[in-house]
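Notes for the one structure printed next.
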Amino acid sequence: MSIYDTLNEQQKKGVFTTKGPVLILAGAGSGKTRVLTHRIAYLIESMGVNPWNILAITFTNKAAGEMRERVDKLVGYGSESIWVATFHSTCVRILRRYIDKIGYGNSFTIYDADDSKSVMKDVCKKLDIDTKMLKERTILSAISSAKDNLITPAEYDRTAAGDYTKRKISAAYTEYQSLLNKNNALDFDDIIVKTVELFKSCPDVLENYQNRFQYIMVDEYQDTNMAQFELIRLLAAKNKNLCVVGDDDQSIYKFRGANIRNILDFEIVYPEAAVIKLEQNYRSTQNILDAANAVIKNNAARKDKALWTDEGAGNRIHFRSFDEAHEEADYIAGDIRRKKRELVSDYRECAVLYRTNAQSRLLEESFIGLNIPYNVVGGVNFYARKEIKDILAYLKTIDNGKDDLAVKRIINVPRRGIGAASIDRVQAYADSNGISFFEALSQIDSIPSLAGSKSGQKLKDFNTMIRGFRTRLEFCPLEELITDVIETTSYVKALEESDDEDAKDRIENIDELITKLVSFEQEKEEQGEKATLSEFLEEVALVADIDGVGSDDNKVLLMTLHSAKGLEFSQVYLAGLEEGIFPSYMTISSGDLSELEEERRLAYVGITRAKDDLTITYAKKRMIRGETQYNAVSRFVREIPESLLDNSLPSNNVREDSYDDASYERGLFKTKPFNAGDANNWSAAENYLNSYSNRNAKREKLSDTVFDNPSQESVSSLGRKKDISEILVSRPKAVARKKETPSANKPYIAKSLEGITKGMPTAAAPEYQTGDRVRHIKFGDGTVLNIEKDTRDYKITVDFDEYGNKIMYAAFAKLKKLPN
DNA sequence: CGTACTAGTCTTTTT
DNA sequence: GACTAGTACG
């Protein structure tokens with residue numbers, strides 16, 4: 001009996017086809033990790049391949065760790081020399097050795113999104129870019145997508161001619177790169193981009209790795225972007241033993257540059273590729289699979305396939321609807337408690353999945369209320385916390401003196417009397433002498449405005465302190481360094497003395513960081529290596545939220561649908577299945593059908609996480625960003641045949657609650673909406689009001705008083721002046737009454753089913769024709785290629801200048817005709 | 001130079 | 001509702 005006997009025919013094919021390019025299309029739960037691990041085992045044991053020559057690439061450290069562990073169990077020896085790693089850590093390892101060949105120092109720093117944003121802020125200031133018009137975020141995401149597609153600043157600039165915004169972005173891109181280079185730093189995208197650049201400019205380095213990686217496997221191939229594809233293509237060019245595994249139906253990272261064409265076109269790039277389809281599912285019951293199949297088949301752009309299982313039909317999908325979001329959360333928590341009590345399942349077998357991180361809050365409250373242990377994956381990353389970033393900035397400063405960002409972050413943290421003025425003076429000196437900020441600190445006496453001054457002395461002291469740490473780094477273990485940093489800077493002491501109410505948490509976080517550093521150091525020691533500071537900082541920079549999640553703790557897991565990819569649970573709850581939440585409002589209003597398809601794939605991912613039971617919940621009413629929204633049941637739920645659900649769907653009537661002119665005209669309100677600045681409807685008005693009061697817990701009090709007794713007095717007695725009274729004067733009483741009795745006697749408008757799921761029932765013919773130039777709020781200008789009348793609406797194909805071809809529904813896309 | 005308070009923004013998803 | 005950048009003041 002061999003280890004391969006338990007595999008099905010298709011899986012065996014995947015394992016035994018070792019030569020040349022192989023594409024494994026693996027449906028959810030079809031055992032792709034099993035195929036990959038057995039394939040590695042087969043290569044080593046039967047094909048005599050040296051483990052050293054195998055490269056397996058995954059997207060998360062967690063996946064990499066699991067793969068190594070499973071190979072270890074199968075092979076028993078040699079698995080430690082297989083290179084199993086994520087794209088990013090693979091590239092960092094390569095760059096640490098060779099990046100000096102392309103103009104960086106080998107001890108480069110890795111910038112996270114926060115750091116990138118700080119750099120971009122400087123860039124905007126320097127280039128005089130008005131960040132009100134063009135946000136840092138926008139620029140950064142344009143740069144990021146350029147990098148995903150391996151477009152250099154110079155190339156970007158060539159496409160920018162004639163477009164004002166693009167020219168600005170182009171200038172920012174160039175400046176941003178030069179700043180990163182000056183700081184000897186790479187952002188996330190650079191890690192891949194620079195490796196490709198290295199391979200292209202140093203054929204000998206590439207060849208070195210081509211010879212090493214004779215067999216390459218890539219997991220989650222559907223989520224690779226252009227740059228990652230190119231990286232793999234280069235590495236595999238010599239031996240061509242490239243096996244990619246993926247599922248086009250689970251491609252959910254397009255927003256991050258993932259190119260679904262990489263998997264759809266694999267056979268075009270490698271015509272000799274063997275293609276293997278895994279469709280038998282070993283995870284879920286047939287009912288769950290039927291639901292998943294029913295949803296995903298509404299996507300047009302996909303390879304046709306359908307999951308099936310040998311197992312029985314199982315329970316029907318549980319569907320529950322609620323009036324309020326907190327009732328939904330209470331139900332989920334209560335249901336999990338029930339399952340635990342009735343011994344149906346333990347906490348660790350349950351997961352709650354949602355579309356946006358913000359949805360976790362209500363769930364957490366309910367879990368705390370019922371005393372159910374839980375873990376939230378994601379949200380605020382541990383390493384993104386202020387105190388952690390501060391300590392890390394010290395370590396970065398010690399490790400790489402060129403990282404100006406890190407130095408400036410901590411030069412006055414904790415407070416040591418160094419202000420903005422001094423910092424600017426040092427920076428000016430550094431700039432005019434072409435040296436780094438930290439270097440300039442060593443030359444304080446040469447800076448006229450600082451030499452001999454009080455401020456100058458403080459700067460010198462800081463410099464001396466850092467140098468002291470550097471000396472310590474040479475002779476002491478990392479653990480001593482970090483405790484020395486915390487001691488010498490009095491960081492924790494300052495926290496203890498501060499009136500920061502989170503001080504205790506922050507100190508605990510710092511202790512946690514020390515623990516992580518110590519265990520990192522020990523691990524290295526066990527492997528017979530000495531841990532370096534750079535390695536630690538790099539590991540820390542590349543951790544994903546999901547990496548730390550283990551099954552050791554008996555806790556319910558709460559996470560976004562994105563984080564859940566690749567995981568499975570006996571009991572899965574999909575919460576917030578509402579139009580506008582999932583699919584998100586952004587997706588619906590963009591009118592782009594391909595974005596809607598990506599959301600649908602996300603729904604498919606969610607459904608297929610469940611092994612035994614799937615519970616879908618819906619809340620009619622929900623607070624989003626302090627605004628109450630009323631949403632219809634998600635179209636994805638309606639795509640599931642009702643026979644698979646244990647409850648019928650609620651009628652699709654949605655309460656129309658906006659206090660706007662349109663509602664007024666329909667006779668919903670007796671008074672016309674007021675206008676105070678932007679506040680022209682109920683939600684906006686409430687928001688407007690809140691912005692004055694939400695801080696000091698006066699909010700509730702203020703609002704209530706205001707609504708009960710809308711007089712000038714009640715406002716001024718709370719210490720508020722001018723604008724509020726303006727609102728009050730113009731605020732109609734109807735609004736105030738609304739607030740008191742939110743659900744009673746409110747008129748409902750029945751929006752027809754067509755209205756929700758099928759676009760507008762009576763769509764007017766668009767004002768533009770084929771060939772016309774049109775403008776889209778998100779995709780910019782483009783040319784209409786085709787207009788097609790559909791049963792529901794007009795399907796418009798537009799060739800956008802910047803985004804290429806998009807097919808969209810006229811009713812949602814709201815295209816504006818431009819003069820020809 | 002440091003603090004306290006205000007106003008605006010944000011959120012869709014993340015290696 | 002949370003976070004943060006900006007600002008006025010001590």
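A, B, ... follow the sequence lines: proteins, then strands. Residue 1 opens every chain.
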[N] phosphate, OP1 or OP2, under 4.0 Å from [X] side-chain N/O:
X        : N      : result
A/Thr560 : B/dT12 : no
A/Lys254 : B/dT13 : no
A/Asn412 : B/dG2  : yes

Contact class for [X] vs. all strands (heavy atom < 4.0 Å): base, sugar-phosphate, or nothing?
X        : result
A/Phe255 : base
A/Asp189 : nothing
A/Ser563 : sugar-phosphate
A/Glu599 : base
A/Tyr253 : sugar-phosphate
A/Ser422 : sugar-phosphate
A/Arg137 : sugar-phosphate

**Prompt:** Honestly, is A/Lys408 close enough over A/Phe437, meaning NZ or CZ under 6.0 Å from the six-membered ring centre and within 45° of the axis?
**Reply:** yes

**Asked** Within 45° of the axis and under 6.0 Å from the centre of the six-membered ring of A/Phe382, does NZ or CZ of A/Lys516 qualify?
**Response** yes

**Prompt:** With a 6.0 Å cut-off on ring centres, are A/His562 and A/Phe255 close enough?
**Reply:** yes

To the nearest angstrom, how far is [X] atom [atom1] from [N] atom [atom2]?
X        : N      : atom1 : atom2 : value
A/Met623 : B/dC10 : CE    : C1'   : 15 Å
A/Lys117 : B/dT11 : NZ    : C1'   : 12 Å
A/Glu136 : B/dG8  : CD    : C1'   : 13 Å
A/Glu597 : B/dT12 : CD    : P     : 21 Å
A/Arg361 : C/dC3  : CZ    : P     : 10 Å
A/Asp187 : B/dT14 : CG    : C1'   : 14 Å
A/Glu220 : B/dT13 : CD    : P     : 20 Å
A/Lys454 : B/dG2  : NZ    : P     : 12 Å

**Prompt:** Under the 3.5 angstrom rule, does the side chain of A/Asn262 hit a backbone N or O of A/Thr224 as a donor-acceptor pair?
**Reply:** yes

Kindly point out which of [options] is positioned nearest to the side chain of [X]?
X        : options                : value
A/Arg415 : B/dC1, B/dT3, B/dT12   : B/dT3
A/Met586 : B/dT12, B/dT15, B/dC10 : B/dT12
A/Ala421 : B/dC1, C/dT4, B/dT12   : B/dC1

Using a cutoff of under 3.5 Å, can you pull out all pairs of nitrogen or oxygen atoms linking the protein to nucleotides 7-10 of chain C, with atom names and distances?
none

**Message:** Does anything in residues 121-128 of chain A come within less than 4.0 Å of DNA chain B? Heavy atoms only, and list the residues if so.
**Reply:** none

**Message:** Quick check on contacts: within residues 352-360 of chain A, what sits under 4.0 Å from DNA chain B by heavy-atom distance?
**Reply:** A/Arg355, A/Thr356, A/Asn357

Mind checking what makes ring pair (Phe, Tyr, Trp, His ring centres under 6.0 Å) contact with [X], not counting sequence neighbours?
X        : answer
A/Phe367 : A/Tyr374
A/Tyr585 : none
A/Phe229 : none
A/Phe636 : A/Phe582

**Request:** Just jot down the salt bridge (charged side-chain N to carboxylate O under 4.0 Å, His left out) partners of A/Lys254, sequence neighbours excluded, or say none.
**Result:** none

**Fill in**
Here the salt bridge (charged side-chain N to carboxylate O under 4.0 Å, His left out) pairs for residues 133-150 of chain A, sequence neighbours left out, are A/Lys147-A/Asp187, A/Lys147-A/Asp190

**Asked** With sequence neighbours left out, what residues match A/Ala541 under side chain to side chain contact (heavy atoms under 4.5 Å, CB included)?
**Response** A/Ile110

**Request:** Under the side chain to side chain contact (heavy atoms under 4.5 Å, CB included) rule, collect the residues that match up with A/Ala358, sequence neighbours excluded.
**Result:** A/Thr356

Ignoring hydrogens and angles, write down the donor-acceptor pairs under 3.5 Å from the side chains of residues 118-128 of chain A, residues two or more places apart or on other chains.
unit_1   : atom_1 : unit_2   : atom_2 : d
A/Ser118 : OG     : A/Asp114 : O      : 3.2
A/Lys126 : NZ     : A/Glu175 : OE2    : 3.0

**Nearest-angstrom distance, P atom, C/dT4 to B/dT13** = 16 Å

**Asked** Does A/Thr86 or A/Thr587 map to a spot on DNA chain B nearer the 5' end, using the closest nucleotide for each?
**Response** A/Thr587

**Item:** Residue closer to the 5' end of DNA chain B, A/Gly417 versus A/Ser584 (nearest nucleotide)
**Value:** A/Gly417

